[in-house]
There are 2 protein chains.
Amino acid sequence: MHLAAWCKDNFMTMKPRDRTDDSLIALRRILRATELYARDLAHAVGLTPAQLRVLQIVDERGSVTPKALASQMGVSQATVTALVDKLVAQRLVERVQSESDRRQTNVVATPQGHGRLEDAPDALQQRYVRAFAKLADWEQAQLVSSLERVADMMDAQKLDAAPVLTTGDIKGGRKGSHDLQEN
Amino acid sequence: MHLAAWCKDNFMTMKPRDRTDDSLIALRRILRATELYARDLAHAVGLTPAQLRVLQIVDERGSVTPKALASQMGVSQATVTALVDKLVAQRLVERVQSESDRRQTNVVATPQGHGRLEDAPDALQQRYVRAFAKLADWEQAQLVSSLERVADMMDAQKLDAAPVLTTGDIKGGRKGSHDLQEN
DNA sequence: CATGTCTTCTTTGGTAAGCTAAGTATTAGG
DNA sequence: CCTAATACTTAGCTTACCAAAGAAGACATG
């Protein structure tokens with residue numbers, strides 16, 4: 001491409017395509033970093049990533065039903081049962097029957113479960129938080145607003161996208177296993 | 001919390017702690033949306049998320065060794081072997097021996113593999129892209145810069161974080177399985 | 001009270017992803 | 001030629017996940 005053309009594209013018309021790519025690349029880097037960290041972190045705590053997520057949610061909310069866990073995590077109840085089993089085996093959480101509705105089970109963290117999280121609070125966050133704290137006030141504000149905007153764009157998508165994507169039925173016979181998570 | 005106190009915290013002192021939390025929440029929402037989409041998308045293409053990632057990388061780079069795939073994806077070579085096997089079984093990629101070094105295998109996409117990607121280009125991106133394109137010019141610029149900043153904060157972290165996290169050795173005898181990915 | 005229907009959770013049986021450890025070739029260096 | 005390193009695969013195991021089928025409480029309605 002000629003230099004003149006390049007200048008025109010970048011300074012005059014400024015195609016948004018380029019920016020879109022940039023944003024996607026940055027997003028992928030974030031995703032990737034988070035994913036890799038989640039593995040290391042969970043390993044450091046002596047749990048698997050999925051188990052850790054359960055423990056975090058349970059600890060944060062005090063008491064959760066498997067149903068709620070499943071919908072918050074976007075997995076099936078059967079999966080939650082399996083994960084909770086593992087945590088129960090390690091005495092990190094307990095199941096207690098609900099008294100109002102005895103079909104329900106409440107999952108609660110034991111003192112040990114709580115302690116486990118204290119020992120190694122989310123390392124990725126710890127480190128990210130440190131960098132974030134160093135930023136100037138206006139930068140933090142801008143970052144938050146940008147991130148929320150991106151999150152909104154994706155969440156909003158989900159609503160009208162789900163039905164569309166679910167037409168993936170055509171090659172595999174699945175029926176929207178994510179329908180649950182509209183709280 | 002009393003209303004007065006709330007006002008004080010939010011309008012007067014404006015603790016950065018709140019902002020950090022907000023940014024983390026937004027980040028989690030992004031992560032979550034992406035994860036759920038990856039599943040739906042892969043399913044729509046008739047592949048699993050991991051298989052799709054392999055196919056995408058192979059298609060994008062034309063020809064990749066399992067070693068490179070493993071390091072780019074952050075998984076072990078054995079895992080790559082298994083994933084490539086699946087794709088080979090579906091005739092979406094092929095293995096070809098390298099001529100310069102016959103220990104190496106190059107993975108390349110078949111026309112069908114390439115076609116499969118054309119059929120369903122990244123749906124999450126498609127949708128996100130559409131929303132992104134609707135934004136005003138300055139908003140796009142700000143978003144990109146914010147995302148890149150976050151990505152930088154996380155990537156930079158990785159370098160000095162890895163050794164720290166690897167002390168998770170204390171409970172399980174692992175030796176940095178991610179050491180590979182510094183290209 | 002009985003009966004049928006929901007809901008909530010667990011069980012079962014199966015697939016995929018991921019790891020480590022132990023091969024098999026192939027190249028590179030004495 | 002022999003040894004060491006590299007690149008990949010195989011084998012065996014664990015975890016995550018799902019769908020389908022069960023079990024048991026909740027609830028409405030006859």
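So you know, we letter chains A, B, ... as the sequences are listed, proteins then strands, and number each from 1.
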Closest listed nucleotide, where the reference is the side chain of [X] and the choices are [options]:
{"X": "B/Gln104", "options": "D/dA19, D/dA7, C/dC9", "answer": "D/dA7"}
{"X": "B/Pro66", "options": "D/dC17, D/dT10, D/dT9", "answer": "D/dT9"}
{"X": "A/Gln77", "options": "C/dC9, D/dC8, D/dT15", "answer": "C/dC9"}
{"X": "A/Val75", "options": "C/dC9, C/dT20, D/dC18", "answer": "D/dC18"}

Phosphate OP1/OP2 of [N] contacted by [X] side-chain N/O (<4.0 Å):
{"X": "B/Thr48", "N": "C/dA17", "value": "yes"}
{"X": "B/Ser76", "N": "C/dG18", "value": "no"}
{"X": "B/Lys86", "N": "C/dA17", "value": "yes"}
{"X": "A/Gln51", "N": "D/dA16", "value": "yes"}

Gap between atoms [atom1] and [atom2], on [X] and [N] respectively (whole Å):
{"X": "A/Asp85", "N": "D/dT14", "atom1": "CG", "atom2": "C1'", "result": "15 Å"}
{"X": "A/Lys67", "N": "C/dC9", "atom1": "NZ", "atom2": "P", "result": "8 Å"}
{"X": "A/His43", "N": "C/dT20", "atom1": "NE2", "atom2": "C1'", "result": "12 Å"}
{"X": "A/Leu52", "N": "D/dT15", "atom1": "CG", "atom2": "C1'", "result": "15 Å"}

I'd like to know if A/Asp137 pairs up with B/Arg19 as an ion pair, taking the criterion as any Lys NZ or Arg NE/NH1/NH2 lying under 4.0 Å from an Asp or Glu carboxylate oxygen. yes
Do A/Glu35 and A/Arg29 sit within salt-bridge range, that is, some charged N less than 4.0 Å from a carboxylate O? no
NA contact type, [X], heavy-atom cut-off 4.0 Å: base, sugar-phosphate, or nothing?
{"X": "B/Thr79", "answer": "base"}
{"X": "B/Ala50", "answer": "sugar-phosphate"}
{"X": "A/Thr105", "answer": "sugar-phosphate"}

Backbone of A/Val45 reached by a side-chain donor or acceptor of A/Arg116 within 3.5 Å: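 At least one qualifying donor-acceptor pair exists.
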State whether the side chain of A/Thr79 and the backbone N or O of A/Val75 hold a donor-acceptor pair below 3.5 Å, judged by distance alone. no
Are there more than 12 heavy atoms of other residues, nucleotides or ligands under 6.0 Å from atom CD of A/Glu99?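 Incorrect, the count does not exceed 12.
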Review item, nucleotides 23-29 of chain C N/O atoms under 3.5 Å of protein N/O:
unit_1	atom_1	unit_2	atom_2	d
C/dT27	OP1	B/Arg102	N	3.1

Which atom of B/Phe132 lies closest to which atom of A/Met153, heavy atoms considered: N-SD, 4.0 Å
Are side-chain heavy atoms of B/Arg53 and B/Val58 found at a separation under 4.5 Å? no
